[in-house]
Peer 1: 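Sending over a structure as C-alpha cells; questions will come in a sec.
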Number of protein chains: 2
Amino acid sequence: MTDESRRTANLLGAAVLCLHDELKTVLARQFHRSGEGPAALCALGHQPGLSNDALSRLLDLTHTGTVRLIDRLAEDGLVRRQAAEHDKRSIALYLTEAGQAARENILRERLAALEAVTGSLSGDEQKDLARLLEKLLQADAGDDTHKLRTCRLCDSRVCTNCPILVSVSGAN
Amino acid sequence: MTDESRRTANLLGAAVLCLHDELKTVLARQFHRSGEGPAALCALGHQPGLSNDALSRLLDLTHTGTVRLIDRLAEDGLVRRQAAEHDKRSIALYLTEAGQAARENILRERLAALEAVTGSLSGDEQKDLARLLEKLLQADAGDDTHKLRTCRLCDSRVCTNCPILVSVSGAN
DNA sequence: TTTATATATGTGACTCACACACATATATGG
DNA sequence: CCATATATGTGTGTGAGTCACATATATAAA
C-alpha cells in the first residue's frame, strides 16, 4: 500500500464518519427514538410481513433486542404484530398508517441531507462518484443478509438499478 | 434534482451505512467499549492535554457524558486526568502508555478495513475517489468544531494535506 | 405415532452509554 | 468586591441493547 492509497482510505473513513453523524442527526430530528428503529421502519416498508427473526438478522440485533425494538415501535403505534399464516410460531410485522408516514419522513429527510452533500459536485463528478460507489458497494457486498443490511435505509423508489441487488425472498 | 442525482445520493447513503457498520465492528473487536471511547482516545492522542469541555464539544456529548466517558477510560487505565496549569477549574487529559497502545490498534485496524475496501479500485479510480471525497468533505466542513469532529478518528500520519485543515488551537 | 430436537417468540434481570437537574470551585468583568 | 459565567463533578433516570431462561410450534427420527 502506498502512502497515497492510505491517504485515500483515511479520507473515506473521515467522510463516512462525517456523513453518518449528519444522517444520525437528521434521523433524530424526524424520529424521537435512536438505534435501529428507523432502519426497521424502512425495511418493513420495503418488505411487509417480515418476521421478528428475519428482521433481527437484517438489523444485526439479537432476537431479544428485536423483540424490544418491535415493542417500542408498536407502543408508538408504528408497527403491528400479526400471526403468520404458514408458521404459527412466527409473527408477521406490518407498518401502520402512522408507520408508513414516519417511514416517508425518514426517507425524505435522509435523501435531502445526502443530496445537499452531493449537490456540491458537478454533474460529471456525480456520475464519477456513482460509478465509484457502485464498485465499492459491490466489493463489500457479502452474502444476501449483508446486502439487505446495507440497503436497510435505502429508498427503493430512488435506487433504480441497485448495484448489489438481492433476491428479497432470501430474507425470510 | 434529477432522478440520477437522487440515485447517486442514495448510493452514497448506502455506502456510508455499510462502511460505518463495518468500522463499528472493527472498533468493537479492538476495544470492548462502544460509543465515543475510540474517538476520545484518537483525539487525545492527536491533541494531548485537551480539557473535558473541549473534548465534549469535539465528541458532541454533554459535558456530563464526557465526564462519565473519561471515568470509564480512566478506570481502564487508558486516560489520566491532570490538573491544568492555567485554569484551575479545568483538567488536562492525557493518554497513558496503555491508552497510546489502544489508540494505535484502533487506528491500524480502522485503516486496514478501509484499505480493504478502497483496494477494490484501480490506482486511477482511487485518485478520482480521493478528489471527490476532498470536495465532499470541504462542502460539508462547517466550523472548526465540526471539522475536528469529522477528523476525530483520522490517523494524522496518513492524512497528509488534510482537505479541511483546521487550526488545532481552536479546540481549547 | 411417539419422541427428540430445532426454531420462533417472549420475559426477567442486567449493563452500557448516554441525558438532565443540581452542586461546587474557579475566573472574569463591572 | 461582587455578580455572573465557566469547568467539572454527583445523583438519578432512561433508552437500547444483552444474556439466561421459558414456552409454543415445527420437523425429523425411531
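Each chain gets a letter, A, B and so on, in the order its sequence line appears, and its residues count up from 1. We use all heavy atoms of the structure for the numbers below, so side chains are in, but hydrogens, waters and symmetry mates are not.
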Peer 1: Might you point out which heavy atoms bring B/Gly77 and B/Ala98 nearest each other, and give the distance in Å?
Peer 2: O-CB, 3.7 Å

Peer 1: To the nearest 0.5 angstrom, please state how far the CD atom of A/Glu125 sits from the OG atom of A/Ser120.
Peer 2: 8.0 Å

Peer 1: Assign A/Gly35 to base, sugar-phosphate, or nothing according to its heavy-atom contacts below 4.0 angstrom with the strands shown.
Peer 2: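 Contact class for A/Gly35: sugar-phosphate only.
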
Peer 1: Which sits closer to the 5' end of DNA chain C, A/Arg81 or B/Leu61, going by the nucleotide each is nearest to?
Peer 2: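 On the 5' side of the pair lies A/Arg81.
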
Peer 1: What contact category does A/Ser34 fall into here, base, sugar-phosphate, or nothing, at under 4.0 angstrom with non-hydrogen atoms?
Peer 2: sugar-phosphate

Peer 1: Using heavy-atom distances to pick each residue's nearest nucleotide on DNA chain D, tell me which of B/Asp53 and A/His32 is more 5'.
Peer 2: B/Asp53

Peer 1: Salt bridge check: are B/Arg81 and B/Asp71 linked by an N-O gap of less than 4.0 Å?
Peer 2: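 Result for this pair is yes, salt bridge flagged.
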
Peer 1: Under 4.0 Å between a side-chain nitrogen and a carboxylate oxygen: does that hold for A/Asp143 and A/Arg57?
Peer 2: no

Peer 1: Assign each of A/Thr64 and B/Ala92 to its nearest nucleotide of DNA chain D by heavy atoms, then name whichever residue's nucleotide is nearer the 5' end.
Peer 2: B/Ala92

Peer 1: For DNA chain C, find the residues of residues 67-77 of chain A with a heavy-atom distance under 4.0 Å and give them by number; none if there aren't any.
Peer 2: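 Contacting residues: A/Val67, A/Arg68.
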
Peer 1: For A/Arg80, is there an ion pair with A/Glu97 - N to carboxylate O distance below 4.0 angstrom?
Peer 2: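 The answer is no: the pair does not qualify as a salt bridge.
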
Peer 1: Under the salt bridge (Lys or Arg N to Asp or Glu O under 4.0 Å) criterion, do B/Asp21 and A/Arg152 qualify, and how do the steps go?
Peer 2: CA-CA 12 Å; B/Asp21 284 348; A/Arg152 70 193 188 275; 2.8 Å; yes

Peer 1: Counting just side-chain N and O atoms, does A/Arg33 come under 4.0 Å of either OP1 or OP2 of D/dG15?
Peer 2: no

Peer 1: Base, sugar-phosphate alone, or nothing: which one does A/Ser90 contact when heavy atoms must sit under 4.0 Å apart?
Peer 2: sugar-phosphate

Peer 1: When you compare the side chains of B/Arg110 and A/Asn10, does any donor N or O come within less than 3.5 Å of an acceptor on the partner?
Peer 2: yes

Peer 1: Are B/Arg6 and B/Asp3 ion-paired here, with the side-chain N under 4.0 Å from a carboxylate O?
Peer 2: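 Yes, charged N to carboxylate O under 4.0 Å.
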
Peer 1: I'd like the 5' and 3' limits of the part of DNA chain C contacted by chain B, with heavy-atom contacts below 4.0 Å.
Peer 2: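 The contact span of chain B on DNA chain C goes from C/dA17 to C/dA27.
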
